[in-house]
Amino acid sequence: MTEDPNSNSPKYRGSVIVPAHNEAERIGDLLPTLKSMEQEGYLVVVSCNGCTDSTAQVAKSIPGIHVLESVVASKTAAINRAENFIGEVFPRLYVDADAVIDASSMNELFSALDVPWPIAVRPI
């Protein structure tokens, strides 16, 4: 999916960015969590950067997850591309493609970000 989440789209509860470079063998463990977050109303974007494996195809196998692709192998560029795509959908979590985290933990992080001022959080 690559449609613009900011035009005629529902209000999202927040967003999740997953930069991914050649993570086809590892991202599969994270996909059920990402699907759960998408179903709970979060905008989820996997930003593939310079992949020479099937990372994008694996991520695209989950309906509702937006997958961006670039030939540039740069985590920073992948994050920037995803941020430009997402626009003003906050709060926002950044999750490595090989991270082990469940939806409950992600929801706790989003709850910690539910304050009127900017803060940063991370799992412990």
What are the two closest non-hydrogen atoms of Ala20 and Cys51, and how far apart are they? O-SG, 3.4 Å

Are any non-hydrogen side-chain atoms of Thr33 and Met106 less than 4.5 angstrom apart? yes

Set out, in order, the CA-CA distance, both residues' side-chain angles and the distance that settles side-chain contact (heavy atoms from CB on, under 4.5 Å) for Val95 and Ile17, then state yes or no. CA-CA 6 Å; Val95 181; Ile17 292 177; over 6 Å; no

To the nearest 0.5 Å, how far apart are CD1 in Ile86 and OH in Tyr12? 9.5 Å

Sorted by chain and residue number, the side-chain hydrogen bond (donor to acceptor under 3.5 Å, both in side chains) partners of Ser104 (sequence neighbours excluded) come out as none

Scan residues 64-77 for pairs that pass salt bridge (Lys or Arg N to Asp or Glu O under 4.0 Å), counting only residues two or more places apart or in two chains. Lys60-Glu69, Lys75-Asp96

Enumerate the ring pair (Phe, Tyr, Trp, His ring centres under 6.0 Å) contacts for residues 13-64, please, sequence neighbours excluded, ordered by first and then second residue. Tyr42-Phe110

Quick one: do Val16 and Leu43 satisfy side-chain contact (heavy atoms from CB on, under 4.5 Å)? Show the steps, please. CA-CA 6 Å; Val16 179; Leu43 175 59; over 6 Å; no

Please identify each residue that fulfils side-chain hydrogen bond (donor to acceptor under 3.5 Å, both in side chains) with Thr55, with sequence neighbours left out. Asp53

Testing the basics here: between Leu68 and Ala82, what is the closest heavy-atom pair and its distance to 0.1 Å? CD1-CA, 3.8 Å

Decide side-chain contact (heavy atoms from CB on, under 4.5 Å) for Val18 and Val45; before the verdict, give the C-alpha distance in whole Å, the side-chain angles of both, and the deciding distance to 0.1 Å. CA-CA 6 Å; Val18 182; Val45 176; over 6 Å; no

Are side-chain heavy atoms of Leu31 and Ile62 found at a separation under 4.5 Å? yes

Smallest separation among heavy atoms of Asn49 and Pro19, with atom names: ND2-C, 4.3 Å

Side chains of Pro63 and Ile65: closer than 4.5 Å at any heavy-atom pair? no

From Ser74 OG over to Ile79 CD1, what is the distance, rounded to the nearest 0.5 angstrom? 8.5 Å

Just so I know, are the side chains of Asp98 and Leu30 near enough to count as touching, which here means a heavy-atom distance under 4.5 Å? no

So, using side-chain contact (heavy atoms from CB on, under 4.5 Å) as the criterion, who are the partners of Ser111 when residues are at least two apart? none

Going by salt bridge (Lys or Arg N to Asp or Glu O under 4.0 Å), name the residues that satisfy it together with Asp102, two or more places apart in sequence or in a different chain. none

Glu23 to Ala97 - nearest heavy-atom pair and separation: CG-CB, 3.5 Å

Could you list the residues that satisfy salt bridge (Lys or Arg N to Asp or Glu O under 4.0 Å) with Arg92, not counting sequence neighbours? Glu83

For Ser36, enumerate each residue passing the side-chain hydrogen bond (donor to acceptor under 3.5 Å, both in side chains) test, keeping only those at least two apart in sequence or located in another chain. Glu40

Residues at least two apart in sequence or cross-chain that pass side-chain hydrogen bond (donor to acceptor under 3.5 Å, both in side chains) with Asp29, listed by chain then number, are none

What pairs with Leu109 under side-chain contact (heavy atoms from CB on, under 4.5 Å), at least two apart in sequence or on another chain? Leu93, Ile101, Val121, Pro123

Measure across Val67 and Ala59 and return the closest heavy-atom pair with its distance rounded to 0.1 Å. CG2-CB, 3.7 Å

Greater than 12 external heavy atoms within 6.0 Å of Glu25's CD: no

Could you pull out all residues at least two apart from Val71 that satisfy side-chain contact (heavy atoms from CB on, under 4.5 Å)? none

With sequence neighbours excluded, what pairs up with Val100 under the side-chain contact (heavy atoms from CB on, under 4.5 Å) test? none

Show the nearest heavy-atom pair for residues Ala77 and Val72, with the distance to one decimal. CB-CG1, 4.4 Å

